[in-house]
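Below is one structure, written out as structure tokens; the observations come after it.
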Amino acid sequence: MFARRAAQRLLEIRQVFRQSPQASRSFSSALNFHLDTPDNNPNNQWKFSETNNQKVKEILSFYPTNYKQSAVIPLLDLAQQQHGGWLPVSAMNEVARIIEVAPIRVYEVATFYSMFNRSKVGKYHLLVCGTTPCMIRGSREIEEALLNHLGVKRNEVTKDGLFSVGEMECMGCCVNAPMITIADYSNGSEGYTYNYIEDVTPKRVVEIVEMLKRGEKPPPGTQNPNRFKCAPEGGHKTLLGEPKPPPCRDLDAC
Amino acid sequence: MGLGSLTSRAMIRRASTILNTTRSHNFSLVRSIVSTPELKNTASAAAEATPDPPLPPPRPPVNNARVHFPNPEDAIEVFVDGYSVKVPKGFTVLQACEVAGVDIPRFCYHSRLSIAGNCRMCLVEVEKSPKPVASCAMPALPGMKIKTDTPIAKKAREGVMEFLLMNHPLDCPICDQGGECDLQDQSMAFGSDRGRFTEMKRSVVDKNLGPLVKTVMTRCIQCTRCVRFASEVAGVEDLGILGRGSGEEIGTYVEQLMTSELSGNVIDICPVGALTSKPFAFKARNWELKGTESIDVTDAVGSNIRIDSRGPEVMRITPRLNEDVNEEWISDKTRFCYDGLKRQRLNDPMIRGSDGRFKAVSWRDALDVIAEVMHKVKPEEIVGVAGKLSDAESMMALKDFLNKMGSNNIWCEGNGGQPQADLRSGYLLNTGIADLETADVFLLIGTQPRVEAAMVNARIRKAVRSNHAKVGYIGPATDLNYDYEHLGTGPQTLQEIAEGTHSFFSAIKNAKNPAIVVGAGLFEREDKDAILSIVETIAKSANVIRPDWNGLNVLLLNAAQAASLDLGLVPESDKSIESAKFLYLMGADDVNMDKVPSDAFVVYQGHHGDQGVYRANVILPASAFSEKEGTYANTEGRAQQTVPAVPTVGDARDDWKIIRALSETAGVNLPYDSLIDVRERIRTVAPNLLSMDEREPATFSTLIKPEIKKEINPVPFKPSIENFYMTDSITRASKIMAQCSSQLLKK
Amino acid sequence: MASIVRNTFKAIKEKGLGTFLRELREEGYLRCLPDGNLLQTKIHNIGGKVVGVDLYGNKYYENLNAQYGRHRWVEYASKNRYNASQVPPEWHGWLHHVTDHTGDEILMLKPSRYGIGHKENFTGEGDEKIYHSKGHALNPGQRDWTRYQSWQPGKN
């Protein structure tokens, strides 16, 4: 009896130590080097579209001519919107050509920022917040619901190329946790939206995905019908009356 | 992160145990790093507790660094560990500490690269600063009180070291950097005796940077020295830092090789074993090697090198600091040509028999045969050619010997076109390699410094980067690693500039320190005198030569060239080789053998079975530059010496000794028996070759030369070096250089 | 003493005089006359127990009644040319009181891959018998220390 319990305990302890490395320490999910694929290689020609060329000119006009390289992030963002949410290597090369720096300087920026995707994403890129407040409010369940519904793994694109699910760090709206972001690349850089969907539940995200599939636009912001923006459920609870002015010396009395 | 909590928990636990058990005053020191108010208390408490111990005597500066005050009023006084030090304004705290003789540990800081400040190893305590400061990035301020060995500074370094070792694999036993690793040394000196990291270490995919640099990127500590070196000094923006946080890594993102001619230097600047030498991998440990401080002969720069040898074998070549020549970089050809010293070596005297095959013979037999033939031919049919790698002593001996035999047709490779050797200023880099940095306009005429003299090119690039120097280039289209204006391809452009019609002329004229660099490849042209005359016209009218600045330069191609011109090894007639009956090749492999008459008797004296031996009748084995003591003058006229690092191979002898022995066999004794005697002889011809490591500037300016009115030939300039990696017999024998030229020169 | 003589006569009677004399020579009794060490060993052997015989024929004796420290000894197989280096390593420990395991026991523990046999020290016995390092000029399989590759004529 005692021996069996001891063995069981030993097994438990061993399992604790045998945690998979990914679980104990997570590294950047994307590769920091480029692998040639047919749709992503430096030989592909990539150009900004006509309308985006105007935008490029406008962006460049914000910066002094000798500091063109400052435009790297806006230009990469524009290129990403134009290319359906991700940056092929040829697009980065094009940006490097425009701002007149070595391509590696653009790669450095693009690999640094996690919001630049260097592999294919869906037309609707759903980003689930994974930071502590959202996690406490159930972001893991939400991600699980999304992944189960779409039948994909994280950072994988659905077969129809419509959806992909990623994780993101704090979006700064913890009061409405949990939340997801929908980066909508379906209409190119003109119709690009980047909306927060807040106060979601596992059921609600599935509904939102279905809405997107039907081509409807889910309403941004909180999904709780009883809340208005960030206000508490059922309306304001504090500061209902006229706020009391700060105490002040009665000047007339003097 | 889990790590953060782990660390703080460990700290708290450690602190509380100390509190509970020992109650020693150490407690406050341990806690001090954790929270700020206590840190302050600690400092004051420590000050009260220990009433100033007697200060040890001040230390001399690190590496005997001298402080140069450009402006004496700008001196500021700082206190390092209580000692007052005067440093110029703009010095960093780290530099001030170095002047005070305190060596601050560092990984990312390198004196020749920009400051990154990302390794945090150089943390020191500065009084009135709330936290330790990174000394490499902090400018020294007047009256700053820097403390480098306080508990806080030590604790900070220990903490940084623990974080650095967190992701560093402990594979020192199989790491090529082991023994000369900054991380190894500094973790011994400043690190803790244990780590608290229990999780998985990260691993990084290795990158392929070409046949020279081996990468083990898991060992990388992200100091970014290589990235900064590549973009600032080497001028190839290939490397970058990709990703962020713990996923950060050095790489090229897209797969590409590092195609710089200075790429080998990243091996030296890498403080860990992430970038190591591929040819040297697993060959030897650095403590087994014997270092010999010598001179490189693969180009005319004369880079200072250390030849590391083990037994009879050269294992590697590393640079040696010389601010005036190569700073602390060397080119890849210099660094990796050493395996050529072990291949295709001539080790026995050989005579070609009547059947056309070579037969090994004794020295006496070989010399007898040569002497016999030499007495049969007419004196004017004797021709001697010294090779690219010949030292001054052997060239002196060759010239004396053949002169005694009655011939004056002796020249050095590269001097075939009878250049003017009368005025030293006519063939030297008069500005000096180091002073090229101060130039602000360059005119490169028929020279590609990147392949001809990579270290000179690095200086020009430095000038382009730091004073935004303008570079004009006349010659075939080429890839210099800085921005340049391609003015033209032939001498006509030069003529336009001389006439003042070209726009670049005003740039030269208005420049403060203009530098004109003429390639020595022009010496082979028929119209070289006319071209040089035009260049002198430009120099005159643009005021390039002033009492304080001589901007008219010639960039030589070979290590032997400057000394040979000093010694007057210039052919008497340019048709001498066609009429030669006896040809003495002293390591000369690039002589056009088709021109040699078929009945000529050819003696090849050299160390490699290269192009020269195939036409030879007698082969005399000589020693290579790593095996002999010899004087070389570099392109700026600086005499330097090689030192024997390894024994000679087989039966080979020093060049000058062979000629001395031959002279005795031939009955015309040369009057010297030792190297000292040869140098005494050189003193009568070119005394500047004896002032070692000193650059003797040319006395007379080229401008006193009468102008030559000759027609120029409108043929465009040709590149003088086709393949950077294979220029002489050593590099042509080298396997590594062959790999480089097949992989890196591919377009 | 009398018993020794009696035994001797008994042995001569059993084996014949020729065989007896040959054995006497092979066992080294004749060498005892000029070699005092061997004589002493032979005398010491009386009452001693043979613990084992090694590969080379050396006999290992033990006599627990002898003076402590002299209770283990070896009689070398070679009677005219013997030295301490003839003791193989497995018996060395037993002989020098390092262990109580005899050489036979230790041999059973020895993994077969450490298969290089014991070799006695031949110093002074002639160059061909002496061990020479791989770089030594007298080693017939001397390693080639040439670290360069010479140019071979006749390729053109």
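Proteins get letters first, then strands, A, B, ... in listed order; numbering begins at 1 in each.
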ask   = Can you tell me how far CG of B:L341 sits from CZ of C:R147, rounded to the nearest 0.5 angstrom?
value = 15.0 Å
key: Smallest separation among heavy atoms of C:P153 and B:F358, with atom names   = CB-CB, 3.4 Å
inquiry  = Quick check against the 3.5 Å criterion: does C:Y148 have a side-chain atom that pairs as donor or acceptor with the backbone of B:P312?
reply    = no
task = Tell me, yes or no, whether the heavy-atom count around B:E372 atom CD, taken from other residues, nucleotides or ligands under 6.0 Å, exceeds 12.
result = no
ask   = Tell me the ring-ring contact (aromatic ring centres under 6.0 Å, His included) pairs involving residues 4-29 of chain C, sequence neighbours left out?
value = none
task = With chain B as the partner chain, list the residues of residues 78-100 of chain C whose heavy atoms fall under 4.5 Å from it, by residue number, and write 'none' if nothing qualifies.
result = none
request  = Output every pair passing salt bridge (charged side-chain N to carboxylate O under 4.0 Å, His left out) with a member in residues 53-68 of chain C, not counting sequence neighbours, ordered by first then second residue.
outcome  = C:E27-C:K59, C:E62-C:R72
query = Does NZ in B:K290 sit with more than 12 non-hydrogen atoms of other residues, nucleotides or ligands closer than 6.0 Å?
reply = yes
ask   = By ring pair (Phe, Tyr, Trp, His ring centres under 6.0 Å), which residues pair with C:Y61, not counting sequence neighbours?
value = C:W73
note = NZ of B:K342 to OG1 of C:T146, rounded to nearest 0.5 Å, is 13.5 Å
task = Taking atom CD of C:Q142 as the centre, report whether more than 12 heavy atoms of other residues, nucleotides or ligands fall under 6.0 Å from it.
result = yes
query = Given side chains that start at C-beta, do those of B:I619 and C:W151 come closer than 4.5 Å, heavy atoms only?
reply = yes
task = Report, as yes or no, whether the 6.0 Å neighbourhood of atom CZ on B:R364 holds more than 12 heavy atoms from other residues, nucleotides or ligands.
result = no
